[in-house]
Amino acid sequence: ALVGFLAGRRAGTLWPAAARCIPGHFGVAVRAGALQAPLHAVETGDNARDVRDGMNFKQWTFARRLGASFATLVMLGALIGALGLWQMGRINGMTKLIADEWLPSVKVLAEMRNMANQIRRAEPDLLFAVDAKEKAEIEDTLRQRLVALAEIERRYRPLITSPEEDKLWQEVQRRRDVYLATQETLLKLSRNGEVGQRDAVAYFRGDSRNAFGAYGKAVNDTLELNARGAERARQEAQASYGAGLGLTLALLALAMAAGG
């Protein structure tokens, strides 16, 4: 064994030469260990090179690149679809808010304002009526319009959706009651002959006008609240559309870049 060791040292093959000089199984074990150590080192170097190649996109095969691109496109497609559904949901919500709440309120309040104006326009006709029959006909017209006004109010109440709007509606009702009270006074004065006629005209131009102006303002304030709500919902829907469109185009550009 010593001779083999020295011979291996001179030849530059220390372990193989020594192993040949060791008899029996011990020599076989030594030779096996000597062969396995270099092989393990080679395998370790190959694994490290594989890892480095896997992290380097330029070293990928065509099939591997194609698979990665396809997976990226699928992921981006799913992201674009999810984004589109989310934005459509927001736009649909704003559209329903406009169509189901704001615009119906605006429409009914506009009808209410129009009917109040019709009631007010009938009052001077009453004051300048020439006979009792004409006065009775005008009073009957007033009563019919008051019934129509009550029906419009009944249609509006379920459309109230916020505490602010409910507060404005309470003010509308209060101002309406004050105005209708002045109308009753106006009717009584108009029935008192020529003297009552002059008093009725003065009352019409004073307290009655002020009461109707306050009533009309309360209706207008409520209408404007709903109009602002509709406009705000429209702007939010438009902003959602713009943001969704911009992000979708960006993702599409990214998908085209990944596909290329």
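Computed from a prediction, not measured in an experiment: that's the story for all the values here.
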Problem - E111/K107 salt bridge by N-O under 4.0 Å criterion - result: yes
Problem - More than 12 heavy atoms of other groups within 6.0 Å of R205 CZ - result: no
Exercise for the section: Check for a donor-acceptor pair, side chain of R145 on one end and backbone N or O of Q118 on the other, with a separation under 3.5 Å. Expected result: yes
Fill in the blank from the handout: Scanning both residues in full, the closest heavy-atom pair of A116 with F212 reads O-CE1, 3.4 Å
Exercise for the section: Mark yes or no for whether N117, through its side chain, and R113, through its backbone, hold a donor-acceptor pair below 3.5 Å. Expected result: yes
Handout entry: Note, F128 side chain near E134 side chain (heavy atom, < 4.5 Å)
Key = no
Practice task
Pick out which of D207, I119, N210 makes a side-chain contact (heavy atoms from CB on, under 4.5 Å) with Y179.
Solution key: I119
Exercise for the section: Determine whether the side chains of N220 and E224 contain a donor N or O and an acceptor N or O closer than 3.5 Å. Expected result: no
Handout entry: Closest approach of A230 to L103 (non-hydrogen atoms, all atoms of both residues)
Key = CB-CD2, 4.3 Å
Practice task
May I ask you to say whether R120 pairs ionically with E123, meaning some side-chain N is under 4.0 Å from a carboxylate O?
Solution key: yes
Handout entry: Side-chain heavy atoms of L186 within contact of L126, under 4.5 Å
Key = no
Problem - 4.5 Å side-chain heavy-atom contact, L109 and Y156 - result: yes
Exercise for the section: Over all heavy atoms of both residues, which pair between Y203 and T182 is shortest? Give the atoms and the distance, please. Expected result: CE2-O, 3.3 Å
Practice task
Identify whether the distance between the nearest side-chain nitrogen and carboxylate oxygen of E171 and R174 falls below 4.0 Å.
Solution key: yes
